[in-house]
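Okay, so here's the structure we're looking at.
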Amino acid sequence: MFLMKDIVRDGDPVLRQQAKKVEFPLSPEDRKLADDLMEYLVVSQNEELCKKYKLRAGVGLAAPQVGVSKMMASVLVPNEEDPENPIFKDVIINPVIVSNAVQRCALTEGEGCLSVDEDVPGYVPRSARITLKYQDVDGNEHQLRLKNYPAIVCQHEIDHLHGTLFYDHIDKENPYSRSENEIFIS
Ligand code: UDB
Ligand code: ZN
C-alpha cells in the first residue's frame with residue numbers, strides 16, 4: 001500500500017517527464033500499480049484509515065507521483081449524496097482529452113497536489129467540460145464527457161502524465177485574475 005513516504009515530491013525530475021504509453025494486456029506489475037493507485041484513494045477517503053496511516057485524502061493519483069513514468073492515473077470523485085456510487089471511479093490508462101469546451105472553470109479554493117507540500121495560492125483555470133478517452137485496466141476503451149469538478153480532477157491528473165503541475169497554470173503576476181468566460185466551482 002502506498003503511504004505518504006512513497007509519494008514523490010515537487011523537485012523530483014520524474015514529475016516533469018512525459019510519461020510513456022502503457023501496453024495491453026497489462027503486465028502483472030502494471031496491474032499491481034493500477035490496483036495500488038486506486039487503493040490509495042479508497043483508503044485515504046476512509047476517515048479512520050486516513051488518520052491511521054497519516055495520509056492526505058486524495059481524489060486522484062498519477063503514476064509519476066509514485067515514481068513510475070507511465071500514462072496511468074486513478075481518479076475517485078466521491079458522491080456526497082450517495083457514498084456507494086462515486087461520481088467517477090476508475091484507473092484511466094493512456095488518457096487523451098479529445099475535446100475541450102471554450103468555457104473555462106476554476107476552483108474558488110484553488111488547487112493543491114499530493115506532490116506539493118506548500119500551498120500555492122491562485123486560480124487554476126481549466127476547461128469547464130472535456131471529452132475524455134482512455135482505457136481501463138482490461139484494455140476497454142471509454143469515451144465520455146465530464147464537466148466541472150470531475151473534469152478538473154481528470155485534467156489535473158492528465159497534466160501529471162505530461163510533466164505539468166497545477167501551479168504552472170497560475171498567473172504569476174495576478175494569481176486571482178478572473179477571465180470573462182470563467183465559472184467558479186466551490
Ligand atoms: C488531491 N485532495 O487529492 F472532494 F475525499 C487533493 C489534495 C492535494 C488536497 C490531497 C482533495 O481535493 N481532496 C478531496 C476532495 C474531495 C473529497 C475528498 C478529498 N488532489 C489530487 C492530486 O494531487 N493528484 O495528483 C489535488 C486535487 C486538486 C484539484 C484536482 C485534484
Ligand atoms: Zn497532483
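Order of appearance sets the numbers: ligands from 1, and atoms from 1 within every ligand.
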Would one find an N or O of Q45, backbone or side chain, under 3.5 Å from an N or O of ligand 1?
no
Under 4.0 Å from one or more heavy atoms of G58, ligand 1 contributes atoms 3 (O)
query: Any N/O of E111 closer than 3.5 Å to an N/O of ligand 1?
result: no
In ligand 1, the atoms that come under 4.0 Å of a heavy atom of G60 are 21 (C), 22 (C), 24 (N), 25 (O)
Taking only non-hydrogen atoms of H160 and a 4.0 Å limit, the atoms of ligand 1 in range are 25 (O)
Only one of I183, L107, V153 passes side-chain contact (heavy atoms from CB on, under 4.5 Å) with N148, and that residue is I183
Taking only non-hydrogen atoms of E157 and a 4.0 Å limit, the atoms of ligand 1 in range are 21 (C), 22 (C), 24 (N), 25 (O)
Self-check item: Heavy-atom donor-acceptor pair, K147 side chain to R145 backbone, under 3.5 Å
Solution: no
Polar contacts were defined as any N/O atom of the residue lying under 3.5 Å from an N/O atom of the ligand; does this apply to L114 and ligand 1? yes
*Could you tell me whether the side chain of N79 and the main chain of P83 form a donor-acceptor pair under 3.5 Å?*
no
Honestly, for F166 the part within reach of ligand 1 (heavy atoms, under 4.0 Å) is neither
(Q) Checking Y134 against D90: is there a side-chain donor and acceptor pair closer than 3.5 Å? (A) yes
The protein heavy atom nearest to atom 25 (O) of ligand 1 is Q65 OE1, 2.7 Å
Notebook entry, point to check: Is a donor on one side and an acceptor on the other found under 3.5 Å between the side chain of R56 and the backbone of C113?
Noted result: yes
| query | Do ligand 1 and V59 have nitrogen or oxygen atoms that lie under 3.5 Å from each other? | reply | yes
Near P78 (heavy-atom distance under 4.0 Å), the atoms of ligand 1 are 17 (C)
Short question: side chain of Q65, backbone of A62 - any donor-acceptor pair under 3.5 Å? yes
So the atoms of ligand 1 within less than 4.0 Å of a heavy atom of R56 turn out to be 8 (C), 9 (C)
ask   = Is there a donor-acceptor contact under 3.5 Å linking the side chains of Y176 and D171?
value = no
Inset, instruction - Before signing off on this row, confirm whether A57 and ligand 1 have an N or O atom pair separated by under 3.5 Å. - result: yes
